[in-house]
Amino acid sequence: QVQLVESGGGLVQPGGSRRLSCATSGFTFSSAAMMWYRQAPGKERELVATIYTGSDTAYADSVTGRFTISRDNAENTVYLQMNSLKPEDTAVYYCRGIVRGTIYWGKGTLITVSS
């Protein structure tokens with residue numbers, strides 16, 4: 001019954017922008033800290049951005065100033081706005097939620113940054 005469904009992946013040119021969405025259901029979204037992770041080919045999964053229940057945010061150094069995480073509690077959805085994309089941003093992006101000690105993962109969406 002718990003679902004986290006990412007959307008918005010695709011091919012983007014270097015310097016371009018893309019917005020990812022993660023629509024959730026089956027848990028109390030407003031009480032959950034939400035995160036975006038990514039995993040590039042041959043690399044470990046890394047934390048990209050976090051948004052807490054009070055809407056404070058945190059970012060990896062590699063994306064600070066380019067990416068923005070936000071949430072819409074009325075829609076149970078978390079977003080990742082990605083600007084000035086670089087080839088090294090190419091990865092599968094995963095949505096993650098933590099609530100009451102339980103971790104939930106989405107299945108991921110692929111962003112490819114290439115000309």
Side-chain angles (χ1 to χ4, degrees):
Q1 290 180 291
V2 172
Q3 291 188 313
L4 293 79
V5 182
E6 301 95 336
S7 61
L11 177 64
V12 191
Q13 294 186 352
S17 298
R18 196 85 172 189
R19 189 179 76 160
L20 304 181
S21 299
C22 175
T24 75
S25 60
F27 65 94
T28 306
F29 179 84
S30 61
S31 298
M34 301 298 300
M35 300 139 194
W36 286 97
Y37 281 74
R38 68 185 181 187
Q39 188 165 23
K43 299 181 66 176
E44 294 185 352
R45 191 172 299 186
E46 64 174 342
L47 177 62
V48 174
T50 304
I51 186 164
Y52 299 95
T53 56
S55 295
D56 287 342
T57 58
Y59 299 92
D61 289 344
S62 58
V63 307
T64 295
R66 299 188 298 120
F67 289 12
T68 302
I69 188 171
S70 61
R71 66 192 297 156
D72 185 341
N73 286 348
E75 296 292 334
N76 297 330
T77 301
V78 62
Y79 303 93
L80 186 67
Q81 178 66 46
M82 304 184 294
N83 299 326
S84 302
L85 284 162
K86 305 173 181 179
E88 52 263 44
D89 295 319
T90 296
V92 176
Y93 284 74
Y94 297 91
C95 180
R96 184 199 195 205
I98 304 176
V99 60
R100 301 189 66 184
T102 303
I103 299 173
Y104 304 105
W105 287 96
K107 294 182 178 180
T109 187
L110 176 64
I111 288 287
T112 302
V113 184
S114 176
S115 58

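Worth saying up front: this structure is predicted, and the values here are computed from it rather than measured.
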- Query: Would a hydrophobic clustering, with Ile, Leu, Val, Met, Phe, Trp and Tyr connected at side-chain separations under 4.5 Å, put Leu110 with Val48?
  - Reply: no
- Task: Taking Thr64 for its side chain and Ala60 for its backbone only, find out whether a donor-acceptor pair lies under 3.5 Å.
- Result: yes
- Between Arg71 (side chain) and Phe29 (backbone), is there a donor-acceptor pair under 3.5 Å? yes
- Message: So, taking the atom named OG1 in Thr50 and the one named CE in Met35, what distance separates them when rounded to the nearest 0.5 Å?
- Response: 4.5 Å
- Distance, nearest 0.5 Å, that separates OG of Ser17 from CD of Gln81: 6.0 Å
- Spatial distance of atom CE (Met82) from atom CH2 (Trp36) [nearest 0.5 Å]: 8.0 Å
- For the residue pair Tyr104 and Val99, what are the closest heavy atoms and their distance? CE1-CG1, 3.6 Å
- Message: Could you tell me if Tyr37 and Arg45 have a donor-acceptor pair between their side chains, going purely by distance under 3.5 Å?
- Response: no
- Item | Glu6 side chain to Lys107 backbone, donor-acceptor under 3.5 Å | yes
- Message: Run Ser30 and Asn73 through side chain to side chain donor-acceptor pair (under 3.5 Å) and show every step you take.
- Response: CA-CA 6 Å; Ser30 61; Asn73 286 348; 5.4 Å; no
- Message: Counting neighbours of CD on Gln13 that are heavy atoms of other residues, nucleotides or ligands and sit closer than 6.0 Å, is the number greater than 12?
- Response: no
- What heavy-atom pair brings Arg66 and Ser62 nearest, and what distance separates the two atoms? NH2-O, 2.9 Å
- Here the pair of heavy atoms bringing Gly9 nearest to Leu20 is N-CD2, 3.9 Å
- Note on the structure: Scanning both residues in full, the closest heavy-atom pair of Ile111 with Tyr93 reads CB-CE1, 3.7 Å
- Considering non-hydrogen atoms only, spot the tightest contact between Arg18 and Leu11 and give its length. NH1-O, 4.1 Å
- Just how far is it from atom SG of Cys95 to atom OH of Tyr79, taken to the nearest 0.5 Å? 11.5 Å
- May I ask whether Val12 and Ile69 are part of the same hydrophobic cluster, defined by side-chain heavy atoms of I, L, V, M, F, W, Y residues being less than 4.5 angstrom apart, directly or through others? yes
- Message: Looking only at the side chains, is there a donor atom on one of Asn76 and Thr24 sitting less than 3.5 Å from an acceptor on the other?
- Response: no
- Item | Distance (rounded to the nearest 0.5 Å) between Thr77 OG1 and Leu4 CG | 10.0 Å
- ILVMFWY network linking Leu80 to Leu85, side-chain heavy atoms under 4.5 angstrom: yes
- Task: Report yes or no: does Thr90 contribute a side-chain atom to a donor-acceptor pair with the main-chain N or O of Val113 at less than 3.5 Å?
- Result: yes
- Message: Assigning hydrophobic clusters by single linkage (Ile, Leu, Val, Met, Phe, Trp, Tyr; side-chain heavy-atom cutoff under 4.5 Å), is Ile51 placed with Ile98?
- Response: no
- Can you label the angle between the Tyr94 ring and the Trp105 ring as parallel, tilted or perpendicular, going by 30° and 60°? perpendicular
- Message: Do Val92 and Arg38 have side chains that approach each other closer than 4.5 Å (heavy atoms only, starting at C-beta)?
- Response: no
- Item | Heavy-atom pair of closest approach, residues Pro14 and Ser115 | CD-N, 3.6 Å
